[in-house]
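All values below come from the heavy atoms of this structure, side chains included, with hydrogens, waters and symmetry mates left out.
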2 protein chains.
Amino acid sequence: MTQDIRVQNAELCEVKAIHENIVTEVTQRMPNQTHVQSLSALFKVFGDGTRLSILWALSESEMCVCDICALLNLKQSAVSHQLNKLKMSRIVKHRRDGKVMFYSLTDDHVRKLLETGMEHISE
Amino acid sequence: MTQDIRVQNAELCEVKAIHENIVTEVTQRMPNQTHVQSLSALFKVFGDGTRLSILWALSESEMCVCDICALLNLKQSAVSHQLNKLKMSRIVKHRRDGKVMFYSLTDDHVRKLLETGMEHISE
DNA sequence: TTATCATATGATCATGTGTTAATATATAAT
DNA sequence: ATTATATATTAACACATGATCATATGATAA
């Protein structure tokens, strides 16, 4: 089966694999495309300075939109748009208290990702 | 000092912080902007399906461009472009063997980031 | 109700990004 | 030298993205 896919690729592609054994082996260990897509989508959310700052802030404390604006010196609209993206990705959750919306991280995975990334940076 | 920055932000911003104590506290715990920028740049590189697939493949084995093309069914040019970005970000390294270029991960941080991310996805 | 405050949303615009085709380079083989 | 092979590079294009402005919503206060 895996063999068939590789052969098929070789036809579609202008290049044919040189090291068939490696390709075959790695093919078997690759996660399925859905997983790769979800994962890259997750990383993409982290891949913007504004969003990353917001996430870092929220990893320290629950905050309202207003406070995030003041903290990061950003326009309310910009913050709101980014928070919406984070909400869509289920990375942050929110609760309302009167007129104020409080945002916080949905789980600790985010914190761990931030830390792991930071380790890479500061080596 | 931190206080001054906050006040300054409040002036530039159309919104004034509601919870001053939170803003002050989080401000002190925020990493500097350079770090945030580097980190978001790193995540951005991971935030593309093609690059992420390549990275995953390389986390399993050193591979040449040709093999990556066959494995992921991508045009040689597309792979080469993405490998260049990964090279620029110092995430992958390469060695030449005759006409063939072999790519591999520069260090194990990448592997760890992939794993940490995957944990988040598959919960 | 009306006014005000905190936040959300929609449209627009400039900029960034990934893919492709065409071409260039670099190495090896004939 | 010529040819073939593996990879890199350049330019072009379609598309996505983030910030901004204007405006809408939703909740409280007067």
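Atoms CZ (B:R51) and C1' (C:dG16) sit 12 Å apart, rounded to a whole Å. For the pair B:L83 CG and C:dG18 P, the interatomic distance rounds to 13 Å; values are reported in whole Å. B:F102 places its CZ atom 17 Å from the C1' atom of D:dA8, with the value rounded to the nearest Å. Look at NZ on B:K85: it is 15 Å from P on D:dA8, rounded to the nearest Å. Atom CG in A:N73 sits roughly 10 Å away from atom P in D:dT20 (whole-Å rounding). For A:H94 and C:dA6, the NE2 to P distance is 18 Å, given to the nearest whole Å. In this structure, CE of B:M63 is placed 11 Å from P of D:dT7, rounded to the nearest angstrom. Here C:dG10 presents its P atom at 20 Å from NZ of A:K75, a figure rounded to the nearest Å.
For CD of B:E60, the number of neighbouring non-hydrogen atoms (other residues, nucleotides, ligands) closer than 6.0 Å is greater than 12. For B:E119, the CD atom is densely surrounded, since the number of other residues' heavy atoms within 6.0 Å is greater than 12.
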Quick tally for nucleotides 10-15 of chain D: nucleotides whose base has a protein heavy atom under 4.0 Å get B, sugar-phosphate-only ones S, the rest -, giving BB----

In 5'-to-3' order, the base (B), backbone-only (S) or no-contact (-) status of each nucleotide in nucleotides 23-29 of chain D, using a 4.0 angstrom heavy-atom cut-off, is ---BBS-

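Within the 4.5 Å cutoff, no side-chain heavy atoms of B:L72 are placed close to those of B:T50. Put simply, the side chain of B:K44 does not reach to within 4.5 Å of the side chain of A:D48, judged on heavy atoms.
For A:K99, there are no side chain to side chain contact (heavy atoms under 4.5 Å, CB included) partners at least two apart in sequence or on another chain.
Position along DNA chain D of the nearest nucleotide to B:N84 versus A:Q82 favours B:N84 as the more 5'-ward residue.
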**Message:** For B:F43 and A:H120: C-alpha separation, side-chain torsions, deciding distance, then whether ring pair (Phe, Tyr, Trp, His ring centres under 6.0 Å) applies.
**Reply:** CA-CA 11 Å; B:F43 282 127; A:H120 179 96; 9.6 Å; no

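Of the side-chain N and O atoms in B:K44, none sit less than 4.0 angstrom from OP1 or OP2 of D:dT17. Listed pair A:Y103 / C:dA6 fails the phosphate criterion, with no side-chain N or O lying under 4.0 Å from OP1 or OP2.
Among the nucleotides D:dT7, D:dT20, C:dT19, the one closest to any side-chain atom of B:M101 is D:dT7.
A:L114 and B:L39 get closest at one heavy-atom pair: O-CD2, 4.1 Å.
Side chain of B:T106 to main chain of B:R90: a donor-acceptor pair is present (N/O by atom type, distance under 3.5 Å, no hydrogens or angles).
Rounding to the nearest 0.5 angstrom, the gap separating the CG atom in B:L71 from the OG atom in B:S53 is 8.5 Å.
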